[in-house]
Protein chains: 2
Amino acid sequence: MRFENLLAARTLKMHDNAIREILKVVSRPGMISLAGGIPAPESFPMGIMDELSARVIRKYGSGAFQYDLTEGFMPLREALSGHLAKKGIPASPEEIIIASGSQGFLDAVGKVLITPGDRVAVEAPTYLGALSAFTPYEPEYVRLDTDEDGVVPADLERVLACGGVKFVYLVPTFQNPTGRTIPLARRREIAGIIQRHDALLVEDDPYSDLRYRGEPLPPIKSFAPEHVMYVGTLSKVLAPGLRIGFAAAPRVIREWLVRVKQGTDLHTGTFSQALAAEYLSGGYLERHLPEILSIYRPRQEAMTAALADYFPRGMRWSRPEGGMFIWAEGPEDLDMEKVYKGAVGRNTAFVPGKYFYVDKGEGEATMRLNYTMAGEAEIRSAVRILGEEIAKAM
Amino acid sequence: MRFENLLAARTLKMHDNAIREILKVVSRPGMISLAGGIPAPESFPMGIMDELSARVIRKYGSGAFQYDLTEGFMPLREALSGHLAKKGIPASPEEIIIASGSQGFLDAVGKVLITPGDRVAVEAPTYLGALSAFTPYEPEYVRLDTDEDGVVPADLERVLACGGVKFVYLVPTFQNPTGRTIPLARRREIAGIIQRHDALLVEDDPYSDLRYRGEPLPPIKSFAPEHVMYVGTLSKVLAPGLRIGFAAAPRVIREWLVRVKQGTDLHTGTFSQALAAEYLSGGYLERHLPEILSIYRPRQEAMTAALADYFPRGMRWSRPEGGMFIWAEGPEDLDMEKVYKGAVGRNTAFVPGKYFYVDKGEGEATMRLNYTMAGEAEIRSAVRILGEEIAKAM
């Protein structure tokens, strides 16, 4: 028995995640990978993990190991209330909910809102994990134009004016894959457009704490609190393996997210949530964040310098003030697939940018470069190889 | 903006989980609750949690906090391979997958297999959490007759002969809500029926390790390995707050479960999985399980004795050899809702059995009694009160 005949209609439409396949290839020993999108293990606060665990066990006892509220572990929600207030998002602990990574919220929002055929507006390019979460619910994606400053307000206006968009999904700060950040004035403009159309914006913000220079920007949620579901994560500032995502969402949306989560996994791991609560409320995050930044800042600077030194004329790239990615783009006829094959043959990997677009044929000359998982010297040498392969393909 | 207009078609069909509402009422201080279905916190191995955490941090370092395979943390899958072999399920670590509680698998199997309107066969009565997982994918439920020995093979045969059933969902051992166990001969018969119809059985087995007397029975999976997805959990023998479920499933199903899980939560918490791996491979489970049984066995015996002493003539109840529940049933015209209201007024709670049926109007005279969350004296006093309220309602 093979059971293929049992698969649901939605399942038959799902495709293999191309990135997943790429990440398998590049995990080969000896490969210098600028392909991934994961935090450096040396950025985790390993020095305090024993202490943190012991404190949680002492403080919460069996309560840290029991079934808990679907909404989330209350001490974590209390700690996050302060954390969000600092970002300009006033939310009581009761208004904050926890999921199993921000991925858990992307799945839940798809489950709650998307009827097959519904329109969901996403940036071109956009975060692939969001597409993996939404696609099983069979939406129709509507593409939003972007420029160096992120999504183009006039295009958002046009798309919402056409009507029928269930929600808009944006990563406004240090976006994955482009590293781009929407500037303050444009954030206000987007908030206004969302409000005027009484639309729902899902604002995914995994990277804003990883800022190496420049001033923090308020989330779009702070300008349109009633129209934005703000999603954050501790994966980049504590540890992704704990799978802690959090959200502040309009009331109706929040209540349904909780109901569907009840069916998906009952609740997020209690012990993980208790560790996160202690990390925030014990002041560990504030003390540890500068260490994380001091690991990533020189890696980003090494990449920026190497790009200037080794990438051939005709290439352009983003200059983010934080996050994990730089986006590079060549002349229209550059075949990045060819560059990829050449680079992998020389043990150097990245992700061709075309995979981040919902429309086939877009972004053929683009690439995503990650700088969190390799040291400065490796980054320099990888960028040199990529520069040579690009020159060959030009 | 209230956003109700944005809800998906599936969302509009979801109802509040009645049990969830009941559990809120019964969490009032002073309430003796036989309503829940959760393990006693004193059954958790709190004495070793510090040691277990320290060992995991020492052994796996940052690997216990990093992103990991969607399939699951390999050392846990290796440990589970031995655990499953003892139950008569040969499965290599690669054939075992991990989810966020068994709930994670119930959601994933629904996502992979159910197209709206598809038929899913469940016992009458069945586990409510499975319905919460499947319902968002909009199946049509087909009811399977049960007797004291669980699902009735002739009825399973009849339902499968009609065709169009995507999968059959059973809890064969110490079922929730009835506590009933399918005997050996009937397990073989069910395996034969499933194979003959080339059907898929989801065998949910959260309770079989909680056996207070009698001989362990092999899972149905052991008789029909190619046709059964076996789902287990560590929630009852370690701690539910770690959210560790595991499964051994036919290859095609397994591969799709992994793909959809990628979109749901990327993977289950790594640290939780590492703790579970150490708990199994370090021999902690074997040493701790007798302690768990020694907590629950006297509670079950106290309930059985109290039922004999206090329940009026005309009541019948199940006599399980393990698990967490006893199921009681009165004459057809007994209004259990009335008993419930009377009992709650006297600070004593249980769950009326009708909520566990997919067909409205069934099980009006039934009740589920849990004995894991109250001490022996409390159980005795609660059953006495229930007996009095039943007598009043008869």
Side-chain angles (χ1 to χ4, degrees), chain A residues 1-4 6-11 14 17 20 38 41 44 46 49-50 53-54 57 61-62 64-68 100-101 103-104 107 111-115 132-133 135-136 166-167 198 200 226-227 239-243 250 252-253 256 259-260 262-266 268-272, chain B residues 1-4 6-11 14 17 20 38 41 44 46 49-50 53-54 57 61-62 64-68 100-101 103-104 107 111-115 132-133 135-136 166-167 198 200 226-227 239-243 250 252-253 256 259-260 262-266 268-272:
Chain A
M1 177 61 176
R2 291 181 44 79
F3 292 120
E4 265 98 355
L6 295 183
L7 299 175
R10 84 175 64 75
T11 305
M14 285 185 233
N17 185 331
R20 214 179 166 213
I38 70 178
F44 305 163
M46 293 310 298
M49 287 300 189
D50 268 318
S53 300
I57 294 168
S62 57
F65 296 90
Q66 184 57 287
Y67 284 118
D68 200 61
S100 303
Q103 194 70 32
D107 169 64
K111 208 171 188 178
V112 168
L113 297 180
I114 303 171
T115 297
S132 321
T135 297
K166 272 295 173 88
F167 61 90
D198 220 359
L200 177 67
E226 297 301 314
H227 291 79
L242 296 177
R243 312 300 307 120
V252 170
I253 303 297
W256 278 105
R259 273 178 228 178
V260 304
Q262 170 88 359
T264 305
D265 62 6
L266 294 182
T268 295
T270 324
F271 190 43
S272 288
Chain B
M1 177 60 176
R2 292 183 38 80
F3 292 119
E4 266 98 354
L6 295 183
L7 299 175
R10 82 175 65 76
T11 305
M14 285 186 233
N17 184 331
R20 218 183 161 210
I38 70 176
F44 305 162
M46 293 310 298
M49 287 301 189
D50 268 317
S53 300
I57 293 168
S62 57
F65 296 90
Q66 184 55 288
Y67 284 118
D68 200 60
S100 303
Q103 193 70 34
D107 170 62
K111 207 171 188 178
V112 169
L113 298 180
I114 303 171
T115 296
S132 320
T135 297
K166 272 294 172 92
F167 61 92
D198 221 358
L200 176 68
E226 296 300 315
H227 291 79
L242 296 177
R243 313 299 307 119
V252 171
I253 304 297
W256 278 106
R259 271 176 231 180
V260 304
Q262 170 87 358
T264 305
D265 62 7
L266 294 182
T268 295
T270 323
F271 190 42
S272 289

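Naming convention: chains lettered A, B, ... in sequence-line order (proteins, then strands); numbering from 1 in each chain. Every value quoted in this text rests on a predicted model; they were computed, and no experiment measured them. These numbers come from the heavy atoms of this one structure, side chains and all, not from hydrogens, waters or symmetry mates.
Looking only at heavy-atom pairs under 4.5 Å with chain B, the residue among M49(A), K166(A), Q66(A) that has the most is Q66(A). Put simply, of D265(A), D68(A), T270(A), T264(A), the one with the most heavy-atom pairs under 4.5 Å next to chain B is T264(A).
Of all heavy-atom pairs between A9(B) and T115(A), the closest is N-OG1, 2.7 Å. Of all heavy-atom pairs between P41(B) and S62(A), the closest is CB-OG, 3.4 Å. The nearest pair of heavy atoms linking R10(A) to I114(B) is NH1-O, 2.8 Å. Here the closest non-hydrogen pair linking V252(B) and F3(A) is CG1-C, 4.5 Å. Residues T268(A) and R243(B) share a closest heavy-atom pair of C-CG, 4.1 Å.
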- request: Could you walk me through whether D107(A) and K111(B) pass side chain to side chain contact (heavy atoms under 4.5 Å, CB included), step by step?
  value: CA-CA 11 Å; D107(A) 169 64; K111(B) 207 171 188 178; 2.7 Å; yes
query: When you look at I57(B) and M46(A), which way does the side chain to side chain contact (heavy atoms under 4.5 Å, CB included) test go after all the steps?
result: CA-CA 8 Å; I57(B) 293 168; M46(A) 293 310 298; 4.2 Å; yes
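Residue contact with chain A, scored on non-hydrogen atoms closer than 4.5 Å, involves the side chain of F44(B) exclusively. For I253(A), the part sitting under 4.5 Å from any heavy atom of chain B is the side chain, from C-beta outward, and nothing else. Interface residue S272(A): only side-chain heavy atoms are found under 4.5 Å from chain B. Heavy atoms closer than 4.5 Å to chain A are found in both the backbone and the side chain of I38(B).
Side-chain N or O atoms of T11(A) include one that pairs as donor or acceptor with a backbone N or O of V112(B) at under 3.5 Å.
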